[in-house]
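As the structure is a computational prediction, the values presented were derived from the model and not from experiment. When a residue number appears, it is its place in the shown sequence, counting from 1.
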Amino acid sequence: IQARADRIQTRSFSPADQSILDRHRQLDRDLRRALERNQLRLNFQPQVDLKSRRIIGTEALMRWDHPELGPVSPAEFIPLAEETGLIVELGRWILNEACEQAAAWPSPVTVAVNVSPIQFQHVDLASAVSRALRSSGLPASRLELEITESSRVTDPGRVHAVMWQLRNLGVRLAIDDFGTGYSSLSYFRDLPFDLVKIDQSFVRNRTSAEDHRLLAAIIELSTKMDKHTIAEGVEDEPTARLLTEMGCTYGQGYYFSRPISGEDFTNLLSQPPRQKRIS
Ligand code: C2E
Ligand code: MG
Ligand code: MG
Ligand code: MG
């Protein structure tokens, strides 16, 4: 590791590095402006109960159509916003917007909102959540927060305490991207959550028998620990069927639906029950 660090430090600064820096500087400045000018949108990706194939909820995903650069992926601008601290204001906007829209959907359809670990550390998240619920009128039971652990968490004790506050408000908590990065088995022992969101890397492109057994083992472990499971990245019927057989509770992915506008999601919900089943 030391040798690698040396190599990284002595590698010279290239024109490519400069253009990445320039893009990031531009994105940071423009994101602030986009937030002020209300140019950001949420899309919603349906989540289905795998047995009945009914829509039970949706995940809110940020969309930014940059006037010059075109669509910029949240995978690019969220980490940037985390670095600059803009995620605090951005996070507040997302929470309010998601609750407002979800309040108009029929009960018990839920909305899942991604929260950054930075929000846990620098905001009174429980107060922000209860304000968003109060002003939108959305019942707490219909809001779910998706939490991803990361290296940015410097105070795990605080994360734990805030999760309990949120739990006490009555919102549901999901561990996002489970099985990758910093998520660990000790969560089952230490953290109060309701749902394990299985990372799409375990769900898509399964090729070997080991891939199957690993997926089955994650579902079995979670179920044994009294958690519901939701698989992300479901792209075809065989995967949906396999997950159902393995006892996974919910599914989300392009096979059921891409992320769509709030209007399209609302229309999907208002279709008669028979048609509302997806696939
Ligand atoms: P995530 O929370 O794990 O969201 C799932 C990502 O997988 C989304 O990408 C979604 O569009 C994509 N996806 C869904 N189904 C499929 C599928 O069947 N196949 C494939 N290949 N991909 C699928 P997206 O919208 O680009 O978001 C990327 C990440 O950005 C999210 O990962 C989340 O970590 C972050 N993000 C997005 N919106 C927000 C937000 O409002 N707040 C925060 N803090 N993070 C957000
Ligand atoms: Mg998520
Ligand atoms: Mg995820
Ligand atoms: Mg992810």
Side-chain angles (χ1 to χ4, degrees), residues 28 31-32 34-36 40-45 47 57-64 74-75 77-103 110-178 180-184 186-197 227-228 230 232:
D28 175 42
L31 186 57
R32 249 166 237 285
L35 183 61
E36 285 157 12
L40 300 169
R41 284 175 302 117
L42 289 182
N43 268 358
F44 299 91
Q45 187 174 35
Q47 302 178 323
T58 183
E59 178 178 11
L61 294 159
M62 273 287 258
R63 292 294 177 262
W64 181 21
F77 70 77
I78 296 283
L80 209 63
E82 288 178 331
E83 242 163 68
T84 61
L86 188 64
I87 191 69
V88 170
E89 279 163 78
L90 204 56
R92 203 176 296 130
W93 179 84
I94 298 161
L95 204 53
N96 286 318
E97 181 72 18
C99 290
E100 291 281 318
Q101 296 207 38
T110 56
V111 66
V113 173
N114 292 284
V115 287
S116 156
I118 307 285
Q119 291 172 268
F120 275 86
Q121 308 205 110
H122 300 290
V123 194
D124 182 352
L125 191 58
S127 302
V129 166
S130 76
R131 267 198 307 276
L133 290 172
R134 214 174 322 117
S135 74
S136 64
L138 184 74
S141 59
R142 286 174 52 202
L143 176 64
E144 188 175 292
L145 298 178
E146 294 190 1
I147 297 151
T148 319
E149 275 278 28
S150 82
S151 56
R152 292 174 205 272
V153 172
T154 52
D155 186 356
R158 176 162 167 100
V159 173
H160 185 155
V162 175
M163 281 181 77
W164 273 109
Q165 292 172 358
L166 293 166
R167 202 358 125 81
N168 290 336
L169 284 178
V171 304
R172 295 202 299 176
L173 302 175
I175 301 292
D176 204 352
D177 301 331
F178 185 80
T180 62
Y182 288 80
S183 70
S184 112
S186 63
Y187 287 3
F188 283 111
R189 194 189 51 208
D190 300 336
L191 298 179
F193 60 95
D194 308 278
L195 198 70
V196 169
K197 195 156 188 189
K227 310 298 178 193
H228 285 293
I230 177 163
E232 57 179 34

Could you tell me if the side chain of L173 sits less than 4.5 Å from the side chain of L191, heavy atoms only? no
Side-chain atoms of residues 79-94: list all donor-acceptor pairs with protein atoms under 3.5 Å, sequence neighbours left out, distances to 0.1 Å.
residue	atom	partner	partner atom	Å
E82	OE1	R152	NE	3.3
E82	OE2	S116	OG	2.7
T84	OG1	L80	O	3.4
T84	OG1	A81	O	3.4
T84	OG1	L86	N	3.4

List the atom of A174, the atom of E144, and the distance in Å for their closest heavy-atom pair. CB-OE2, 4.0 Å
Would you sort out whether I230 and V196 count as a side chain to side chain contact (heavy atoms under 4.5 Å, CB included), showing the intermediate values? CA-CA 6 Å; I230 177 163; V196 169; over 6 Å; no
Could you tell me the separation between the CD1 atom of I147 and the OH atom of Y187, rounded to the nearest 0.5 Å? 9.5 Å
If you compare all heavy atoms of L133 against all heavy atoms of C99, which two are closest, and at what distance to 0.1 Å? CD2-SG, 4.3 Å
Is any side-chain heavy atom of Q101 closer than 4.5 Å to a side-chain heavy atom of S136? no
Using a 4.5 Å cut-off on heavy atoms from C-beta on, say whether the side chain of N114 contacts that of I78. no
What pairs with E97 under salt bridge (charged side-chain N to carboxylate O under 4.0 Å, His left out), at least two apart in sequence or on another chain? none
Does a side-chain heavy-atom distance below 4.5 Å link F120 with L166? yes
Could you go step by step and tell me if L95 and L145 meet the side chain to side chain contact (heavy atoms under 4.5 Å, CB included) rule? CA-CA 10 Å; L95 204 53; L145 298 178; 4.1 Å; yes
Between R172 and L143, is any pair of side-chain heavy atoms under 4.5 Å apart? no
Closest contact, heavy atoms only, A98 versus V113: CB-CG2, 3.5 Å
For a quick test of reading the model, state the closest non-hydrogen atom pair linking A60 to V111 and the distance between them. CB-CG2, 4.3 Å
Looking only at atom types and distance, does a side-chain atom of D177 sit under 3.5 Å from a main-chain N or O of T180, one as donor and one as acceptor? no
CD1/I175 to CE/M163 distance, rounded to the nearest 0.5 angstrom? 4.5 Å
Using the ring of F193 (Phe, Tyr or Trp, six-membered ring only), decide whether K227 places NZ or CZ under 6.0 Å from its centre and within 45 degrees of its axis. yes
Closest non-hydrogen atoms of L169 and S130, given as atom of the first, atom of the second and distance, are CD2-CB, 3.9 Å
S141 and T110 have their tightest heavy-atom pair at O-CG2, 4.0 Å
Separation of Q165 CD from R158 CZ (nearest 0.5 Å): 7.5 Å
Salt bridge or not for E59 and K197, using N-O below 4.0 Å? yes
So does Q45 get a backbone contact from the side chain of T58, meaning a donor-acceptor N/O pair under 3.5 Å? yes
What verdict does the side chain to side chain contact (heavy atoms under 4.5 Å, CB included) test give for E146 and L195, after you've listed the backbone C-alpha separation in whole Å, the side-chain angles of each residue and the deciding distance to 0.1 Å? CA-CA 9 Å; E146 294 190 1; L195 198 70; over 6 Å; no
